[in-house]
There are 2 protein chains.
Amino acid sequence: MSRVQLATRPIYMQLRDALAERIASGQWKPGAAIPNEGDLAREFGVSPGTMRKALSLLETEHLITRRQGRGTFVNDPASEGLVDRFCNVRGLEGKPIVGRVEVSEVSEATANEMESERLQLRIEDPVWRIRRVRYEADSAFMYEEVSLPAELFPDLSDNPSRIVFLAHRYGLLLGKAEERLAVGKASGPAAAALRVAPASPVMVLDRVVRTIDGRPVEWRLAQCHLATRYVAQMH
Amino acid sequence: MSRVQLATRPIYMQLRDALAERIASGQWKPGAAIPNEGDLAREFGVSPGTMRKALSLLETEHLITRRQGRGTFVNDPASEGLVDRFCNVRGLEGKPIVGRVEVSEVSEATANEMESERLQLRIEDPVWRIRRVRYEADSAFMYEEVSLPAELFPDLSDNPSRIVFLAHRYGLLLGKAEERLAVGKASGPAAAALRVAPASPVMVLDRVVRTIDGRPVEWRLAQCHLATRYVAQMH
DNA sequence: AAGTGGTCTAGACCACGCA
DNA sequence: GCGTGGTCTAGACCACTTG
């Protein structure tokens with residue numbers, strides 16, 4: 001047929017973007033089935049094999065789930081297994097420890113050196129800063145300082161939330177995250193929030209979450225008062 | 001043509017195993033080019049597309065590298081970027097901190113409860129136990145207790161080494177690893193090796209390395225005296 | 001210019017889930 | 001039995017690398 005790839009970008013990637021846009025925009029709702037491969041291929045005027053490759057890409061990016069004999073479904077970012085995708089602190093059985101999350105402060109500021117480096121912003125670009133504390137069984141175990149590029153999250157202050165829900169609300173599709181861990185000493189605010197002596201040993205978690213395009217959307221610096229029954233899991 | 005998949009296992013996976021065997025056995029040496037897609041497809045009596053899928057699988061498993069216009073090459077497990085694939089302790093610039101590795105003890109034993117669970121062995125199955133210390137700039141920063149299934153590593157005692165090299169020597173192809181981290185208190189031997197006070201805060205790294213088939217080949221429990229310039233990186 | 005992997009096509013049949 | 005995704009085929013042309 002026609003439709004040869006003349007531009008540099010492969011067709012299956014253009015298809016991925018087009019399909020991802022339908023999900024991000026809400027045209028295809030979480031949980032719903034999308035048209036089958038053949039119909040999609042005809043609609044976009046490509047061969048089934050090319051459409052299949054685009055769909056496979058979307059599946060590896062956790063945007064859809066394909067099930068033989070049933071169909072292709074849009075993943076719900078709020079579903080079990082995807083909400084806590086970036087939470088590497090686990091119980092000894094391997095299940096994520098999330099706990100109750102309490103936001104203690106939200107403010108708008110301009111990016112400092114650390115934020116501009118981690119979020120790939122210019123110094124002085126506007127950012128949101130959020131302070132949170134996580135409780136497990138009424139005991140604070142994690143103090144978090146979160147920074148978000150304000151440009152991506154207009155009007156955030158009325159309802160800050162966890163990055164997975166924010167991304168969904170603002171039509172951002174999350175991809176991968178990197179996290180670094182170290183043993184450090186509790187900062188003043190962290191020690192106060194966690195009710196431990198200042199400079200107590202804590203686990204420091206430094207995490208950047210990115211969109212599927214690789215753009216940073218969240219930088220989180222957490223201090224964690226780990227009981228031995230909690231561990232951080234990496235793959 | 002003929003050659004339809006009658007058995008349950010897809011052809012491209014059987015091809016992957018066949019090609020991986022050639023690498024594991026040393027028939028295809030690290031760094032060398034392997035035949036092109038078309039020739040391989042003809043040799044195995046499959047269509048080019050199927051052979052391509054098998055080769056792509058091998059590439060995602062880090063066994064080969066494909067380069068457009070050049071060819072397909074067997075990865076050297078000792079090459080930069082693959083040796084330290086499982087070392088998650090990094091400097092702040094993101095580069096792995098390996099240090100000088102010194103083996104302090106090798107012994108044969110039978111699996112205890114922990115080992116049988118982590119290595120998926122029966123209690124009392126034979127295991128190798130290795131004690132190692134890692135030095136960076138003449139200062140000990142990590143104490144490791146390593147356990148290996150003895151069945152996979154006959155005659156190990158004369159030359160224990162890091163898992164990447166052992167696997168290559170014994171024809172095992174490494175796949176993924178999981179690692180869990182926690183803040184703990186230094187054990188007696190660890191404190192002695194690291195020259196810190198007993199029960200000092202250390203980072204505990206609990207790692208299982210597996211073959212591409214998913215079989216555990218190494219369990220390592222490390223205690224790490226982390227300077228703030230070292231962190232553990234997870235993805 | 002020749003050879004390689006990367007992309008794309010237009011079909012086929014198979015295995016699975018469901019009504 | 002029907003529709004779905006999973007696998008497989010047998011080619012085509014394109015982009016890249018090297019002689």
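Note that the coordinates shown come from a computational prediction; the quantities given were computed from them, not determined experimentally. The chains referred to below are lettered A, B, ... by the order of the sequence lines, with proteins before strands, and numbering in each begins at 1. Every heavy atom of this structure was used, including side-chain atoms; hydrogens, water molecules and symmetry mates were not.
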Next item on the list: Nearest whole angstrom, please: distance from the P of D:dA15 to the CD of B:Glu37.
Entry: 17 Å

Check: Going by heavy atoms in the side chains, are A:Glu218 and A:Val146 under 4.5 Å from each other?
Finding: yes

Note to self: Let me test you: for the helix from C:dA1-D:dT18 to C:dC18-D:dG1, what is the angle between the axes at its two ends (five pairs each), rounded to 10 degrees?
What the structure shows: 10°

Checklist line | salt_bridge(B:Glu59, B:Arg66) N-O dist < 4.0 Å | finding: no

Next item on the list: Check every atom of C:dG5, D:dT9, D:dT7 against the side chain of B:Asn36 and return the nucleotide holding the closest atom.
Entry: C:dG5

Any protein N or O atoms within reach of nucleotides 17-19 of chain D? Criterion: under 3.5 Å, listing atom names and distances.
from: D:dT18; atom 1: OP1; to: B:Arg70; atom 2: NE; distance (Å): 3.3

Note to self: Tell me which pairs pass side chain to side chain donor-acceptor pair (under 3.5 Å) where either residue lies in residues 147-169 of chain B, with sequence neighbours left out.
What the structure shows: B:Asp84-B:Arg162, B:Glu115-B:Ser147

Next item on the list: Return the nearest nucleotide to the side chain of A:Arg66; candidates are D:dG5, D:dC8, C:dT9.
Entry: D:dG5

Margin query: Can you tell me which residue among B:Asn36, B:Thr50, B:Leu19 is in a side chain to side chain contact (heavy atoms under 4.5 Å, CB included) with B:Leu55?
Written below: B:Leu19

Note to self: What is the separation between atom CG on B:Leu40 and atom C1' on C:dG3, rounded to the nearest whole Å?
What the structure shows: 15 Å

Check: Any side-chain heavy atom of B:Ile34 sitting closer than 4.5 Å to one from B:Val74?
Finding: yes

Note to self: Of the listed nucleotides (C:dG5, D:dA10, D:dT7), which one gets closest to any side-chain atom of B:Pro48?
What the structure shows: D:dA10

Note to self: Strictly below 4.0 Å: does A:Thr50 bring a side-chain N or O up to OP1 or OP2 of C:dC8?
What the structure shows: no

